[in-house]
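Working notes, beginning with the structure itself.
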Amino acid sequence: MPELPEVETVRRELEPWLTGRTIRTARREDAPKGPKYAHLEDADGQTIEAVTRRGKWLILPLSGGDELVIHLGMTGIVTPERPGSHHRVTVELEPTGDRDTVYFQDTRRFGRFLVAVQGRYDGLPSLQQLGPEPLSDDFTTAEFLRRLKRSRTPIKQHLMSQKAVAGVGNIYCDEALWATRIHPLARSNRIGRKRADALRQAIVDVLTASIARQGTTLRDYRTVGGDTGGYVDSLKAYGRTGQPCERCDDSVIERIVVGQRSTHFCPKCQRR
DNA sequence: CGCATTTCCTGGTAGC
DNA sequence: TGCTACCAGGAAATGC
C-alpha cells in the first residue's frame, strides 16, 4: 500500500514529466463529487510548477497559487495509460507530444485527487497535523521524542497516526519496530531517548532502502512506468507470519491486531 | 484535547 | 462451478 517510499518513487517519475506542463482541463470521471475530488476544475489553465511530497501526499504547486493534491490511498495509480476500469480523473495537458494526458485510476476509491485553493487544506486534517518529514533535517531525535511523549497509545498506533513522523504506514512501521526490537504494543510515551533515536534511525534507513528498490508491491502498487516495487523481498516482519525470524533462532513472526491493523513482530526479540 | 470505534470500497480468496 | 463471508487498510467522521 503506498507509503512514503512508494509515493516518493511516483514523485520522482512525475517530476520530469509534469514540471512546467500546463493543465488544459482536469475532470472527474467515475468519482464522487465532494472533498476527495474538490475544486478540480480550478486547475484548468494553471501550470504545474513542481512535484513535491509531504508524507504520503503528492503536492503539485500551480502557477495560480493553488495546489494539486493527490493521495494514492490503497490502490491509486497515476499513469499515462487510459485505465480500463476504475478511472477516476483525467488531466489533459497542453500538448507537447510527451504523454499529454494524466490518468488517475483507483480500484478501491480510498485515494484523493483534488485542488487545494490558495493553500487552504480545509477538509484535509491529516495534512495539517502531519509530523516531520523523515528524510529531512526536521526529523531530529529531540523533536521525535517530544512527539512520542504526547501519546499513551501503543507505538504502533502512534506511528501510524502520522503525527510523530510523516509517511510511515503499516509495512514500514512493522519493519522499523522489528529493526529496533521494540514491541508494537510498547506505550509511545514510555519510549526513552535512546530507543527513540534508534527508532528514528531505523525509520530513515528502512524508508531509504525501500526507495532504492522503488518501494514494496504486495498486490496493487505500480510505479508510473508500470513496474513493481522490489523491497517486498527485503521485508523482515510484515507479511511473514509463521516464518522464522531472521535474527533469532527458534522463533517465528507472529501476527496480532493493534488499532484494527495487522501487526507483525518477533515475540522473542521484540520485548515489551 | 486524546483516544476508541466505525466507515468508506472492491478484488481476492477460503470454505462449502 | 457458483455462492457467501470475510479480509486488506489510510484517513476521516463520530462518539465519548
Side-chain angles (χ1 to χ4, degrees), chain A residues 1-8 10 28-38 53-59 69-78 83-89 104-114 116 120-131 134 146-177 184-190 203 207 210 215-222 228-229 232 235 237-242 253 255-264:
Chain A
M1 17 247 98
E3 304 178 29
L4 189 149
E6 292 75 33
V7 179
E8 174 62 17
V10 170
R28 278 185 305 111
E29 302 285 351
D30 179 16
K33 291 181 181 173
K36 287 187 173 183
Y37 295 90
R53 180 188 55 72
R54 267 291 275 142
K56 304 173 198 172
W57 298 85
L58 287 165
I59 299 185
V69 175
I70 305 168
H71 196 295
L72 301 178
M74 297 293 295
T75 54
I77 292 173
V78 180
S85 58
H86 313 298
H87 180 179
R88 309 300 175 200
V89 174
F104 185 56
Q105 177 181 35
D106 183 21
T107 303
R108 278 157 70 180
R109 301 177 186 262
F110 277 33
R112 287 140 223 250
F113 199 114
L114 57 101
R120 285 197 297 276
Y121 291 158
D122 41 300
L124 299 168
S126 172
L127 197 45
Q128 292 174 299
Q129 298 185 72
L130 219 48
R146 237 185 330 269
R147 288 172 180 265
L148 291 184
K149 294 294 180 195
R150 289 179 195 168
S151 174
R152 283 184 290 262
T153 54
I155 183 64
K156 162 83 181 199
Q157 273 176 270
H158 197 206
L159 288 179
M160 294 284 288
S161 79
Q162 309 299 303
K163 291 177 181 174
V165 59
V168 176
N170 211 26
I171 296 173
Y172 302 108
C173 186
D174 285 3
E175 293 303 301
L177 291 175
L185 289 175
R187 300 280 152 184
S188 178
N189 64 330
R190 300 294 298 276
I203 289 168
L207 296 178
S210 181
T216 300
T217 296
L218 296 174
R219 179 182 298 174
D220 299 290
Y221 163 70
R222 295 291 184 279
T228 57
V232 63
L235 298 178
Y238 187 90
R240 298 195 67 250
T241 311
I253 300 297
R255 178 186 175 278
I256 60 175
V257 174
V258 182
Q260 324 296 117
R261 293 295 170 251
S262 61
T263 298
H264 314 74

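Order of the sequence lines fixes the chain letters, A, B, ..., with proteins taken first and strands second; residue numbering starts at 1 for each chain. Remember, it's a predicted structure, so these values are computed and weren't measured experimentally.
Test A:His158, A:Lys156, A:Gln157 against A:Ser188 for side chain to side chain contact (heavy atoms under 4.5 Å, CB included) and you get one pass: A:His158. With A:Arg53 as the partner, the salt bridge (Lys or Arg N to Asp or Glu O under 4.0 Å) test is satisfied by one option alone out of A:Glu3, A:Glu8, A:Glu6: A:Glu8.
Residue A:His71 places at least one side-chain N or O under 4.0 Å from the OP1 or OP2 atom of C:dA11. Look at A:Thr75 and you won't find any side-chain N or O under 4.0 angstrom from OP1 or OP2 of B:dG11. When the side-chain nitrogen and oxygen atoms of A:Lys56 are compared with OP1 and OP2 of C:dA11, one or more of them lie within a distance under 4.0 Å. Between A:Tyr238 and C:dG9, a side-chain N or O to OP1/OP2 separation shorter than 4.0 Å is present.
Counting non-hydrogen atoms of other residues, nucleotides and ligands closer than 6.0 Å to CZ of A:Arg150 gives a total above 12.
Mapping A:His86 and A:Arg152 onto DNA chain B by nearest heavy atom places A:Arg152 closer to the 5' end of the strand. Each of A:Arg112 and A:Arg255 was assigned the nucleotide of DNA chain C with the nearest heavy atom; the assignment lying further toward the 5' end belongs to A:Arg255. Mapped onto DNA chain C by nearest heavy atom, A:Met74 and A:Gly123 fall at different nucleotides, with A:Met74 at the one closer to the 5' end.
The side chain of A:Arg109 approaches B:dC9 more closely than any other nucleotide in the set B:dC9, B:dC3, C:dA8. The A:Leu124 side chain lies nearest to C:dA12 when the options are B:dG11, C:dG10, C:dA12.
What separates CG of A:Asp220 from P of C:dC7 is a distance of 19 Å, to the nearest Å. For A:Gln157 and C:dG9, the CD to P distance is 14 Å, given to the nearest whole Å. Separating the CG atom of A:Leu218 from the P atom of B:dG12 is a distance of 15 Å, rounded to the nearest angstrom. Put simply, CG on A:Asp30 is 11 Å from P on B:dC9, counting in whole angstrom units. What separates NZ of A:Lys36 from P of C:dA11 is a distance of 11 Å, to the nearest Å. Rounding to whole angstrom units, CE of residue A:Met160 and C1' of C:dG9 are separated by 7 Å. Rounded to whole angstrom, the span from the NZ atom of A:Lys163 across to the P atom of B:dA4 amounts to 11 Å. Computed from coordinates, the A:Phe113 CZ to C:dA11 P distance equals 17 Å when rounded to whole Å.
Within 4.0 Å (heavy atoms only), A:Gln260 reaches at least one base atom of the nucleic acid. Residue A:Ser151 is classed as a sugar-phosphate contact, given heavy-atom separations below 4.0 Å to backbone atoms only. Using a 4.0 Å heavy-atom distance criterion, A:Leu72 is classed as making no nucleic acid contact. Within 4.0 Å of A:Arg261, counting heavy atoms only, lies at least one base atom of the nucleic acid.
Looking at A:Asn170, its side chain does come within 3.5 Å of a backbone N or O of A:Ser262 through a donor-acceptor pair. Checking side-chain atoms of A:Gln105 against main-chain N and O of A:Gly76 turns up no donor-acceptor pair under 3.5 Å.
Ring planes of A:Trp57 and A:His71: perpendicular class, angle over 60° (limits at 30 and 60°).
Judged by distance alone, with hydrogens and angles left aside, A:Arg108 brings a side-chain donor or acceptor within reach of the base of C:dA8, the pair sitting under 3.5 Å. Side chain A:Arg150 to base B:dG2: no donor-acceptor pair is found below 3.5 Å.
By the stacking rule of 5.5 Å between ring centres and under 30° between planes, A:Phe110 stacks on the base of C:dG9.
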